[in-house]
Amino acid sequence: MTTPSTTTIATADGETSADRLGRTLMHEHLVIGYPGWESHTSVPKASAEDEIAICVDRIQELQDLGYSSLLDPCPNDLGRDVELAAKVAQKTGFQIILATGLYKQAEGGVPYWHFRSNFAPQVDPMAELFIAELTEGIGESGIKAGIIKVATGIGEISEYERTILLAAAKASAETGAPITTHTDDGSLGDHQQRILTEAGVPAHRIIIGHSCGTDDHDYHMGLARGGSYLGFDRFGIDAIFPDEKRVSSLAKMIRAGAGDRLVVSHDSVWCWKGQPFPPGVLENFGGDAFDPTFFERKIIPKLRDAGISAEEIERLVVDNPRRFFEGEKLATLA
Ligand SMILES: [Zn+2]
């Protein structure tokens, strides 16, 4: 039996609660702009109206499929646009959860924080920023973040990325907010989990994102046994890692008993600031890339073919997001 949730979650348009999330995609983006996009002034800027229209269209497609919520874990330094999210939420009634946080060393807003670090350590100032955005609001908007985003790159976690992880842990301890992460190539999630839990974050308050960038079952099970959620959240981006392997490794996790700690999504991006992909590049990603309906239309049938029940699939999109935001503790996994 589940008791009604009292956990409130900040969205782009007011508060909701975990039990009102419904079908939820846990990693999609209304807009992304890599730091420095402003310098590319020769690329025409989309109007706010055009961006709203694009996002509303995508959301209506999701609503037609029975979805009612998404998490847009765009960090502060990646073109986050909370006013856009608020307008889209108001027009559609869709629940959009926003993030506070900072992106990885290679593609984040590093110079600013690096400059500040010449004078003082930055863990506390970053934590104060995250706490302010979670409890008071983002800038002057009055819109609060509902989760903290952290990110790491390839090879090893840099000092800068570690600073962000420690700041996120501090902000999470202070506010109770959960954390979602970016990993590259399905790697270093175990390091993220260790740094965050050693800094006091309960493992079940963490989603190790982009875990579907590898089909290393031992890596996956290590994270699951560590008690965190895993994001299989890049369905459709076959150009980075084959969807076929995402499906088979997800099915393998469910068969191994980890179906209660997996969330799904596409990491789709609906509007770009600047032109991060030179002409012709995105076309090679294939038609399913960045389509937030892809899991529902094309992946669910493949999971069914792999012997995964409708109930197990429903758990991925309804129960697991709810339990994650509620902060329900996960059972010990054999
Ligand atoms: Zn993303």
Side-chain angles (χ1 to χ4, degrees), residues 12 24-37 51 54-55 58-59 62 67 69-82 84-85 88 96-110 130 133 138 145-154 161 164-165 168 178-189 192 206-214 228-241 243 246 262-274 276-277 281-282 285 288-295 299 316-317 321 324:
T24 304
L25 292 170
M26 291 295 277
H27 194 128
E28 311 293 344
H29 299 289
L30 276 64
V31 60
I32 290 289
Y34 289 104
W37 72 267
E51 288 184 337
I54 290 167
C55 294
R58 297 257 86 160
I59 294 222
L62 289 172
Y67 285 83
S69 306
L70 67 79
L71 167 60
D72 179 345
C74 183
N76 300 28
D77 48 352
L78 214 55
R80 187 184 58 173
D81 186 342
V82 300
L84 170 67
V88 171
I96 302 172
I97 301 163
L98 300 168
T100 185
L102 291 165
Y103 203 47
K104 64 181 179 181
Q105 170 117 27
E107 288 159 8
V110 184
F130 302 160
E133 293 201 335
I138 295 165
I147 198 165
I148 309 164
K149 169 73 173 283
V150 299
T152 59
I154 299 283
E161 291 161 348
I164 296 165
L165 286 164
I179 297 174
T180 190
T181 83
H182 167 104
T183 57
D184 273 336
D185 297 348
S187 69
L188 298 179
Q192 293 179 343
I206 306 164
I207 298 171
I208 303 296
H210 307 333
S211 291
C212 58
T214 178
S228 296
Y229 288 76
L230 282 76
F232 274 64
D233 49 15
R234 281 188 150 172
F235 279 106
I237 313 185
D238 200 60
I240 293 181
F241 194 76
D243 281 316
R246 286 195 178 94
L262 303 167
V263 292
V264 295
S265 224
H266 308 84
D267 200 10
S268 66
V269 179
W270 305 344
C271 306
W272 294 99
K273 296 205 181 289
F277 295 99
V281 174
L282 255 185
F285 271 50
D288 294 320
F290 301 132
D291 178 350
T293 68
F294 179 64
F295 181 80
I299 298 300
L316 305 174
V317 294
F324 170 72

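When reading the values below, keep in mind they use all heavy atoms of this one structure, side chains included, and skip hydrogens, waters and symmetry mates. Read the numbers this way: they start at 1 and go in the same order the structure lists the ligands and their atoms.
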> Distance only, no hydrogens: is a donor on one side chain within 3.5 Å (strictly under) of an acceptor on the other, for Gln192 and Thr183?
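The criterion, which ignores hydrogens and geometry beyond distance, is not satisfied for Thr183 and Gln192.
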> Below 2.8 Å, which protein N, O or S atoms neighbour the Zn ion (ligand 1), ignoring water?
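You should have found His27 NE2, His29 NE2, Asp267 OD1.
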> Just to verify, what does Asp238 make a salt bridge (Lys or Arg N to Asp or Glu O under 4.0 Å) with, not counting sequence neighbours?
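Scan of Asp238 (salt bridge (Lys or Arg N to Asp or Glu O under 4.0 Å), adjacent residues dropped) gives none.
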> Just to verify, what does Asp81 make a salt bridge (Lys or Arg N to Asp or Glu O under 4.0 Å) with, not counting sequence neighbours?
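If we apply the salt bridge (Lys or Arg N to Asp or Glu O under 4.0 Å) test to Asp81, skipping adjacent residues, there are no hits.
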> Only counting residues at least two apart or in another chain, list the ones meeting side-chain contact (heavy atoms from CB on, under 4.5 Å) with Leu282.
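Here the qualifying residues are Trp272, Phe277, Phe285, Phe290.
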> Mark yes or no for whether Lys149, through its side chain, and Pro73, through its backbone, hold a donor-acceptor pair below 3.5 Å.
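A pair under 3.5 Å: yes.
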> Do the side-chain N and O atoms of Asp184 and His210 include a donor-acceptor pair separated by under 3.5 angstrom?
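His210 and Asp184 do not have a side-chain donor-acceptor pair below 3.5 Å.
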